[in-house]
Amino acid sequence: MGKKLIIGNWKMNLDMHEASLYLHKLLDTLPSHRDVETVVAPTMLTLQSLSLQVNRRIVKLAAQNFYWRDHGAYTGEVSATQLRGIVDYVLVGHSERRHVFGEGDRDIRAKVQAAIRNRIQPVLCVGETAHERAADETRDVLHDQLVGGLANVTSEEIPEIIVAYEPVWAIGTGENASPDDVKQAAKIIRNQVEHLFGKKAAGSIRVLYGGSVNVDNAADYLATKGVDGLLIGGASLDAHQFSEIVKKAHKV
Ligand code: PEP
C-alpha cells in the first residue's frame with residue numbers, strides 16, 4: 001500500500017485566528033514526509049484563508065461538508081465547484097451528517113459524484129451504531145452504506161475514493177473499536193468493493209479508521225492490516241497531539 005493518510009476533523013471548532021495559529025504550529029513541527037499525507041478539515045469559514053497560508057506539500061485541506069449541486073438557487077450552501085483549488089478532500093456522510101442532519105444515501109451518493117466531478121477526493125464515512133453492533137448488523141450496515149454511497153461510481157473512479165470506517169459508537173466517546181474489529185471491517189469494505197467493482201478496485205481503494213483515536217492508540221490502528229490511515233476528531237484539535245500522531249504514521 002502507498003502513503004498513510006491522516007485527516008484531522010476539527011468539526012465546529014476553532015475560529016479564524018485559532019485555526020491560523022494551529023496551522024502555523026503544524027507547519028512548523030511537521031516535516032514533509034513522503035510516506036504520510038496530512039490533511040486537516042477546518043470549518044468552511046476558515047478554508048479560504050487557510051488555503052493561502054498552507055504549504056500543500058506538508059498539509060492539505062479538506063471540507064467537512066458541501067452541497068452536491070454545482071451552482072444555483074441553494075441559499076446558504078457551498079458547492080464542490082466553489083471548493084475546487086481550495087481543498088483536496090471532502091468528507092461525505094460523516095456520522096454527524098447522517099444522524100444529526102438526516103443525510104441519506106441519495107444525498108451521500110450525489111455528493112460522492114459531485115466531488116469526483118470536481119476533482120476533489122471524497123472520504124466516504126461508513127459505520128454502524130451501537131444498536132446495530134449489538135444486533136450483529138455491522139456487515140449489513142457497511143454493505144448498505146457502500147452500495148448506497150458508491151452506486152453511480154465507475155471502477156476507474158475508485159482509486160480517487162477513500163472509505164473511512166467510523167463506528168458511530170466510537171466517535172467522540174473514548175470507546176474504541178479493537179484493531180481486530182477494524183481489520184474485519186476493512187476486509188468487509190474491500191470485499192464489498194471487489195464485489196461491486198472488481199479485484200483491482202478493491203486493492204486501490206484506501207480505507208481509514210476513525211473513532212476516538214489518540215496519541216496512545218494511533219500506532220495500533222496504523223499497524224492494522226488493511227488500514228491506510230486515520231480520521232481523527234477530538235485529538236486533532238490540539239496541534240501538538242495531531243502532529244505526534246502524524247509522526248507515528250511516519251514510523252509505522
Ligand atoms: C470524527 O469526528 O470523525 C471522529 C472520529 O471523532 P473522534 O476522533 O473524536 O472520535
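- Atom CD of Glu166 and atom SG of Cys125 lie 5.0 Å apart (nearest 0.5 Å).
- Judged by the 6.0 Å distance and 45° axis criteria, Lys111 is positioned over the aromatic ring of Phe66.
- Counting heavy-atom neighbours within 6.0 Å of Asp28 CG, excluding the residue itself, gives a total above 12.
- Between the CZ atom of Arg117 and the CH2 atom of Trp68 there is a distance of 8.0 Å, given to the nearest 0.5 Å.
- Of the N and O atoms on the side chains of Thr81 and Asn118, at least one donor lies less than 3.5 Å from an acceptor on the other residue.
- For the pair Thr129 and Val168, the tightest heavy-atom approach, listed with the atom from each and the gap, is CA-CB, 3.9 Å.
- The shortest non-hydrogen separation linking Thr46 to Ala19 is CG2-CB, 4.1 Å.
- In this structure the side chain of Asp88 reaches within 4.5 angstrom of the side chain of Arg56, judged on heavy atoms.
- Glu77 contributes no side-chain N or O that, together with a main-chain N or O of Tyr74, makes up a donor-acceptor pair within less than 3.5 Å.
- Between the side chain of Asn9 and the backbone N or O of Lys11 there is at least one donor-acceptor pair closer than 3.5 Å.
- For the pair Arg97 and Phe101, the distance from NZ or CZ to the six-membered ring centre is under 6.0 Å and the angle to the ring normal is within 45 degrees.
- Taken from CD1 in Ile7 to CG in Leu230, the straight-line distance is 9.5 Å, to the nearest 0.5 Å.
- Linking ILVMFWY residues whenever their side-chain heavy atoms come closer than 4.5 Å, directly or via other members, places Tyr209 and Leu146 in the same cluster.
- The CD atom of Glu132 sits 15.0 Å away from atom CZ of Arg139, with the distance rounded to the nearest 0.5 Å.
- Between the side chain of Arg109 and the main chain of Ala151, no donor-acceptor pair closer than 3.5 Å is present.
- Between Ile58 and Thr38 there is no side-chain heavy-atom pair separated by less than 4.5 Å.
- Annotation for Val213 and Ala235: closest pair O-CB, 3.3 Å, computed over non-hydrogen atoms.
- Note: the hydrophobic cluster containing Leu231 does not contain Val182 (ILVMFWY, side chain heavy atoms under 4.5 Å, direct or indirect links).
- One distance of note links CG of Asp216 with CD of Gln241; it measures 8.5 Å at 0.5 Å rounding.
- Here the side chain of Glu157 pairs a donor or acceptor atom with the backbone of Thr154 at under 3.5 angstrom.
- Ile188 and Ile205 fall within a single hydrophobic cluster, where Ile, Leu, Val, Met, Phe, Trp and Tyr side chains are chained together by heavy-atom contacts under 4.5 Å.
- Looking at Tyr165 and Thr138, their side chains come closer than 4.5 Å, going by heavy atoms from C-beta outward.
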Practice problem: Tell me, with the steps shown, if Leu61 and Val40 meet side chain to side chain contact (heavy atoms under 4.5 Å, CB included). | Solution: CA-CA 5 Å; Leu61 296 174; Val40 291; 3.8 Å; yes
Quiz prompt | Intermediate values then yes/no, side-chain hydrogen bond (donor to acceptor under 3.5 Å, both in side chains), Gln48 and Ser51 | solution = CA-CA 5 Å; Gln48 219 253 334; Ser51 77; 5.0 Å; no
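- A distance-only check finds a donor-acceptor pair linking the side chain of Gln64 to the backbone of Pro42 [under 3.5 Å].
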Quiz prompt | Check against side chain to side chain contact (heavy atoms under 4.5 Å, CB included), Lys199 and Val193 | solution = CA-CA 8 Å; Lys199 214 176 175 65; Val193 171; over 6 Å; no
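- Here the CG atom belonging to Asn191 is positioned 6.5 Å from the NZ atom belonging to Lys187, to the nearest 0.5 angstrom.
- A donor-acceptor contact shorter than 3.5 Å links the side chain of Asn217 to the backbone of Ser212.
- Proximity of Gln121 to Arg206: side-chain heavy atoms (C-beta onward) are separated by under 4.5 Å at one or more points.
- A salt bridge does not link Asp228 with Lys3: none of the charged nitrogens is closer than 4.0 Å to a carboxylate oxygen.
- At most 12 non-hydrogen atoms from other residues, nucleotides or ligands lie less than 6.0 angstrom from CZ of Arg119.
- What you find for Ser236 and Phe242 is that their closest heavy atoms are CB-CD1, 3.7 Å.
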Quiz item: Would His94 and Arg98 satisfy side chain to side chain contact (heavy atoms under 4.5 Å, CB included), going step by step from the backbone distance to the final call?
Solution: CA-CA 6 Å; His94 188 278; Arg98 291 181 194 260; over 6 Å; no
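- The cluster map of Ile, Leu, Val, Met, Phe, Trp and Tyr, joined by side-chain heavy atoms under 4.5 Å apart, puts Ile162 and Leu142 in different clusters.
- One N or O on the side chain of Asp107 and one on the backbone of Gly104 form a donor-acceptor pair closer than 3.5 Å.
- In Lys25, the NZ atom is not crowded: 12 or fewer heavy atoms of neighbouring residues, nucleotides or ligands sit closer than 6.0 Å.
- No single ILVMFWY cluster, assembled from side-chain heavy atoms under 4.5 Å apart, contains both Val39 and Leu83.
- At a threshold of 4.5 Å between non-hydrogen side-chain atoms, the residues Asn65 and Leu91 do not count as touching.
- Formation of a donor-acceptor pair under 3.5 Å by the Gln184 side chain with backbone atoms of Asp181 is not found in this model.
- Side-chain contact check for Glu128 versus Pro167: some heavy-atom pair is nearer than 4.5 Å.
- The two atoms that bring Val207 and Ala186 nearest to each other are CG1-CB, 4.1 Å, heavy atoms only.
- Glu37 has no carboxylate O lying under 4.0 Å from a charged side-chain N of Lys4, or vice versa, which leaves the two without a salt bridge.
- Side chain of Asn176 to backbone of Ser178: no donor-acceptor contact under 3.5 angstrom is found.
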Exercise. Apply side chain to side chain contact (heavy atoms under 4.5 Å, CB included) to the pair Val123 and Val92, showing each step before the final yes or no.
Key: CA-CA 6 Å; Val123 181; Val92 178; over 6 Å; no
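- Within a 6.0 Å sphere centred on NZ of Lys183, other residues, nucleotides and ligands contribute 12 heavy atoms or fewer.
- Within the 4.5 Å cutoff, the side chain of His24 has heavy atoms near those of the Gln53 side chain.
- Using a 4.5 Å cut-off on side-chain heavy atoms (C-beta onward), Leu196 and Ile158 make no contact.
- Between the side chain of Asn13 and the main chain of Trp10, a donor-acceptor pair closer than 3.5 Å is present.
- Contact record, Ala62 with Leu47: O-CD2, 3.7 Å, taken as the closest heavy-atom pair.
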